Amino acid sequence: MEKLQQSAELLRDKNRMRWACRRGMLELDVLFRPFVDEAYDDLPAEQQEKFRRLLTCDDPDLFAWFMGHQACPDPDLAEMVQVILRRVKV
């Protein structure tokens, strides 16, 4: 029974991530959705937390970081940007 509850919680967490990946910019949607579907589950808990923090950032900032127009000032989030770019192979 406990394993079933853990599975349900993991599914809820992933669904929350999918919802948070719905952005106002298609360019960000195209990056985040495949990452959540294909790579999020394989991340260590620490990187999952960094990804959740990344999703709280404003779209213009995210766009600038992912397109290389600006450097992310937070080293943890900058690392996560690079992890996503490598995994999605943009």
Side-chain angles (χ1 to χ4, degrees):
M1 188 67 164
E2 185 175 317
K3 188 170 181 139
L4 184 60
Q5 288 174 336
Q6 285 179 323
S7 294
E9 182 58 36
L10 289 174
L11 182 60
R12 280 192 294 275
D13 182 50
K14 189 146 184 185
N15 285 335
R16 282 191 290 269
M17 290 300 100
R18 283 187 183 120
W19 182 257
C21 287
R22 295 177 52 149
R23 310 303 291 201
M25 296 179 148
L26 178 61
E27 296 87 348
L28 296 175
D29 291 348
V30 170
L31 286 170
F32 291 152
R33 278 303 297 263
F35 182 78
V36 167
D37 289 340
E38 299 166 11
Y40 180 77
D41 292 340
D42 297 331
L43 294 175
E46 179 181 311
Q47 282 191 328
Q48 286 180 351
E49 177 57 34
K50 289 177 188 178
F51 181 70
R52 286 191 290 271
R53 274 193 29 216
L54 186 70
L55 292 178
T56 66
C57 296
D58 294 330
D59 285 358
D61 292 332
L62 292 168
F63 181 80
W65 300 337
F66 278 97
M67 298 304 137
H69 300 291
Q70 293 177 353
C72 177
D74 182 312
D76 287 338
L77 297 183
E79 174 193 345
M80 200 67 235
V81 167
Q82 291 308 309
V83 167
I84 293 169
L85 289 174
R86 281 193 303 271
R87 295 292 288 261
V88 177
K89 294 180 179 48
V90 170

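Everything quoted here is computed from the prediction, not taken from an experiment.
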If you apply the rule salt bridge (charged side-chain N to carboxylate O under 4.0 Å, His left out), what do you find for Lys50 with Glu46, and how did you get there?
CA-CA 6 Å; Lys50 289 177 188 178; Glu46 179 181 311; 3.4 Å; yes

Rounded to the nearest 0.5 Å, what's the gap from CD1 on Ile84 to OH on Tyr40? Could you check?
11.0 Å

Kindly give the heavy-atom pair with the smallest separation between Cys21 and Phe51, and that separation in Å.
SG-CZ, 4.0 Å

Would you call Arg52 and Asp13 a side-chain contact if the rule is heavy atoms closer than 4.5 Å?
yes

Shortest non-hydrogen contact from Leu77 to Leu54?
CD2-N, 3.7 Å

Who are the salt bridge (charged side-chain N to carboxylate O under 4.0 Å, His left out) partners of Asp61, not counting sequence neighbours?
none

Could you work out, with side-chain contact (heavy atoms from CB on, under 4.5 Å) as the rule, every residue matching Gln47, not counting sequence neighbours?
Leu43, Pro44, Glu79, Met80, Val83

Over all atoms of both residues, closest heavy-atom pair of Asp76 and Asp74
N-OD1, 2.8 Å

Closest non-hydrogen atom pair between Val81 and Trp65, with its separation:
CG1-O, 4.0 Å

Find out whether Met17 and Phe32 are in side-chain contact, i.e. whether some heavy atom of one side chain is under 4.5 Å from a heavy atom of the other.
no

What closest approach, in Å, do Gly24 and Asp59 show between heavy atoms, and which atom pair accounts for it?
N-OD2, 2.9 Å

Among residues at least two apart in sequence or on other chains, which ones pass side-chain hydrogen bond (donor to acceptor under 3.5 Å, both in side chains) with Asp41?
Lys14

Would you say the side chains of Asn15 and Arg12 form a donor-acceptor pair under 3.5 Å?
no

Quick check: do Leu31 and Leu62 have side-chain heavy atoms less than 4.5 Å from each other?
no

Checking the side chain of Arg23 only, and the main-chain atoms of Val30 only, is there a donor and an acceptor separated by less than 3.5 Å?
no

